[in-house]
Structures are given as structure tokens and as C-alpha cells.
Trainee: 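Below you will find the structure I want to go over with you.
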Amino acid sequence: MSPLPLRGKLYVVGIGPGSRAMMTLRAMEAIRESEYVVGYRTYVERISDLAEEKKVITTPMRKELERVRIAVELAKNHVVSLISGGDPSIYGILPLVVEYVVENGINIEIEAIPGVTAVSAASSLLGSPICGDFAVVSLSDLLIPWYVVEQRLIHALNGNFVIAIYNPSSRRRKRNLRRAVELIRKFRGDVTVGVVKNAYRESQKVEIKRLSEIDDVDMSTILIVGNSETRVVGGTMFTPRGYSRKYGVVRKEEVPRMGAVTEEAREIARRSEEILKGFHGEDGLRGDIVRRCIATTGDVGIKDFLRFVGDTEEGVRAIKEGCRIITDVHMVRVGLRREAISAVDFADGSETKTASGLKRIKELVRDSVVAIGNSPSAALALCDIASRYPPRFIVATPVGFVNAAESKEMIRRLDIPSVTTEGARGGSGICVAIVNCLIEHAERPD
Ligand code: SAH
């Protein structure tokens, strides 16, 4: 015997992030078709014009179960729209509806209407920080314990996913954000974070910040944490998907050489390259690195002090694959064209700051590109760590008269490809020049 025909229907309607333009036509149709509109007060207010003729039932925040119960009961005999912000599946009411209906063996017709979720709204406003595989984590521990949230965050960080953070904070829950920031810092240093408040609502605020600058985040904000490939150019945050490498979206001559972007700067770079070719004519990556170091120091003699061990192209491959870059000091980190973390941020007060910092993040050293531009003691610490946690590539140009020459000699003896300087010469500038040269090669189309 077939079941009795149902008279009601439950629409679970995602209304998008805020503005009407971001709502789907199907969502509007469903609300128009409904006799009842049920939802959290704030969401229902956003569609109040569509609900004028309807019977409206609103419930306060955190009364989800009550909302679901009311909507499901009504939907047995009426057409009901249960309203959800963004997309109803994503930290929304839909899973609760399904669970309630299944667990209670209730047979009603349900149609879920997807909506534009906060992460897609925010990503479009920022540029395109999400790209390819990305992870989504909510910092709310109302439904799952904090250690689970933390574990998921750690795995996402380890996987080099761009991470969208929903529910970053609430009046009651400031601590979770602090703990998350600390974790992110550990894996990604002072990484770029897109901070979008009230996307597609009246008081919309879109900012690109460093992790350390994040302060007044509230519950109408979503954060998008960049990964090692994320970049900010002219106020746009984006994570390249590799099109330029594969299809040559960026033509070869357009890949900025020596950081030159404007026509005038390009012209200077071209002239400079001609002169540099006169000093050192070697083709390929190593030739480019040598010329870049000459250009950075203004010292032709530097070419006699550069040492290459192993396959230098491994550094390019590592960066192409989105490898983490670890520097000893901030000065190197800020000079790089990619996100990196600085060992000095993790210092614990023992030894020198850079050495203790590097030892504290030794697990992260494995398979990374390590760039040491200043501190011989960081270079020595790296030699200690490298047998258990071998980096993929090393650029080491620490400078000075105490341990600089010795530490670099030790690095050259490791079984890891490297670029170093011989003797006391070196410094952050050269280190940055070398790593940026690797990055530029990594960005060129094949
Ligand atoms: N179902 C919703 C998410 C609900 S969880 C969706 O798909 O978007 C609530 C969290 O989502 C907020 O704490 C905030 O982090 C994020 N959020 C929702 N709408 C937003 C908006 N318009 N702007 C910024 N963040 C938003």
C-alpha cells in the first residue's frame, strides 16, 4: 500500500551571505511558494519583504532544535521554508533537519536549496585566495570538542591547504581564536589572512592582514588563511592554481625579472641584465643566481664566493610544489616573494633566538626549503637537525666572523642540495636574492 499523499513540504533554504543579489532564484521561489517561514530572527529579517504575506515563526539563536521541530511538524501539512544563512549544509540547519527526520522516522518531503556560502563570498571579495584543494574549519566547539577542532586544523595546516575559518569568535568564545592563531603561526608564521566581515551586507569590511594583526574578529567574520603559494599583489589576495605554469597564462617575458613589474622597471632590469651578462655569461639557473647576487651586492667579486652543491634545480622544483620556506630571521622572510616562516618567531630564550627557534620547529624543517641569511648559529642548528629532519634545499649565507664560514662548510658537507657563500661573506640580501631567483624560475611556464 502506498503511503498517504503528503500535503506539506519542507524547503530548507540557503539565502546566501546577505544581499538579495546573492540569493538563488530557486530560494526566492521556494519562499514565495511557502505558507510558513521559520528561522533564526536575523536571517528571516533579511528576507522580510518576501515573507510579508506569510506566517512567520522566528526563534532566537541557539534554538536550532526547536526551530527544526516546529518546521518539520508544520511541514507535515503545510509548505514551509526553513531559512538558513549561506548554504544550509555548511554549519547550517540542514544536517540537523535530516538527522531529526531520520532518527524520528518522519516521512515528509524535503527539498534543500543550496546557497552561496561565506567562504565563496569572501574569496571572491578578496581576489581568489581559495583555489584547488582548500579546507574549511569551524572554531566553534559547541558541538564537537576543541581537541577535534585542533586536530583538523593541524592536518589542514600540514597539508598546506588554504584554510577558511568559520565561526572564528564570539563574545563567549575568544579563547579558541587565540589558540588557533598560535597553531597557525607555528606552521605558517606571520601568514597572510583575508578577513571578511559581513560579506555582501551593508557593513561589509574586506581586509588583507598578517596573522599578527588580527584583532577584533567577531562572529560575522570569516578568515581565509593563505598557504605557502598565496600572494598579495595590488591589494588582491590569490593562490595561483598553476595555469601560468601549464598554459603560459603569464607569458615568459611577463614573468617579473628581478621583481620588475612596471615597464620602466622592466627596462632597467633588461639593461641591468645585459651588463650582468657581461660579468657572468653562464646560462640557466646557476647563471641567473650568480648574476642576481652580483646585482644585489654591486660586487662582481661575489661570484667567486658562491658555492653550489647537488642539483640546484631541486630548489625550483620544491618551490613549484608549494614547499614550505623557513628563514632564520624576519629580514629574509619579508624580502621573499612567497610566504615563509621565520625561526626567530619560535625562540624560547635558550641559545640564540634563531637556533632555539629552528630547533623548536624541527619537524617542519623536513622537506622544506630553508633559507639562512643572517645567523651562523641557525646554520649550525640546521646541521644538527638535518640528519633526522632533512630539508629539501638549503640556501645559507650567514655572515660574520664567528662561525659563519664554519657553519656553511658544514652545510656543504650535508647530503642536501644547497647554495652557500664561502667564508665570512653573505647576509640577508644575498639570501633573499637567491631564494627569489628560485621562486622566479618556479613561476615560469615550462
Ligand atoms: N551556513 C553559513 C555559515 C553559518 S556558520 C554559510 O554557509 O555561510 C556562521 C559563520 O559563518 C560566521 O561566524 C562567519 O564565520 C561565517 N559567515 C556567514 N555569513 C557571513 C558573511 N556574510 N560574512 C562573513 N562571514 C560570514
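Atoms within a ligand are numbered from 1 in the order they appear, just like the ligands themselves. Predicted model, so just to flag it, every value in this text is computed and none were measured.
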Trainee: For the residue pair V225 and I184, what are the closest heavy atoms and their distance?
Mentor: CG1-CG2, 3.8 Å
Trainee: Is any side-chain N of the basic residue among R392 and E321 closer than 4.0 Å to the acidic one's carboxylate O?
Mentor: yes
Trainee: For ligand 1, what is the set of protein residues having any non-hydrogen atom at a distance below 4.0 Å?
Mentor: P17, G85, G86, D87, I90, Y91, T117, A118, Y166, N167, P168, V196, N198, A199, R201, M219, S220, T221, I222
Trainee: Got a sec, which residues hit ring pair (Phe, Tyr, Trp, His ring centres under 6.0 Å) with Y200, two or more places apart in sequence or on another chain?
Mentor: none
Trainee: Apply salt bridge (Lys or Arg N to Asp or Glu O under 4.0 Å) to the pair R26 and E29, showing each step before the final yes or no.
Mentor: CA-CA 5 Å; R26 184 70 189 129; E29 253 171 38; 2.6 Å; yes
Trainee: Do E339 and T230 get their side chains close enough for a donor-acceptor pair, meaning under 3.5 Å?
Mentor: no
Trainee: Ignoring hydrogens, what is the shortest heavy-atom contact between D311 and F393? Give both atom names and the distance.
Mentor: O-CE1, 3.8 Å
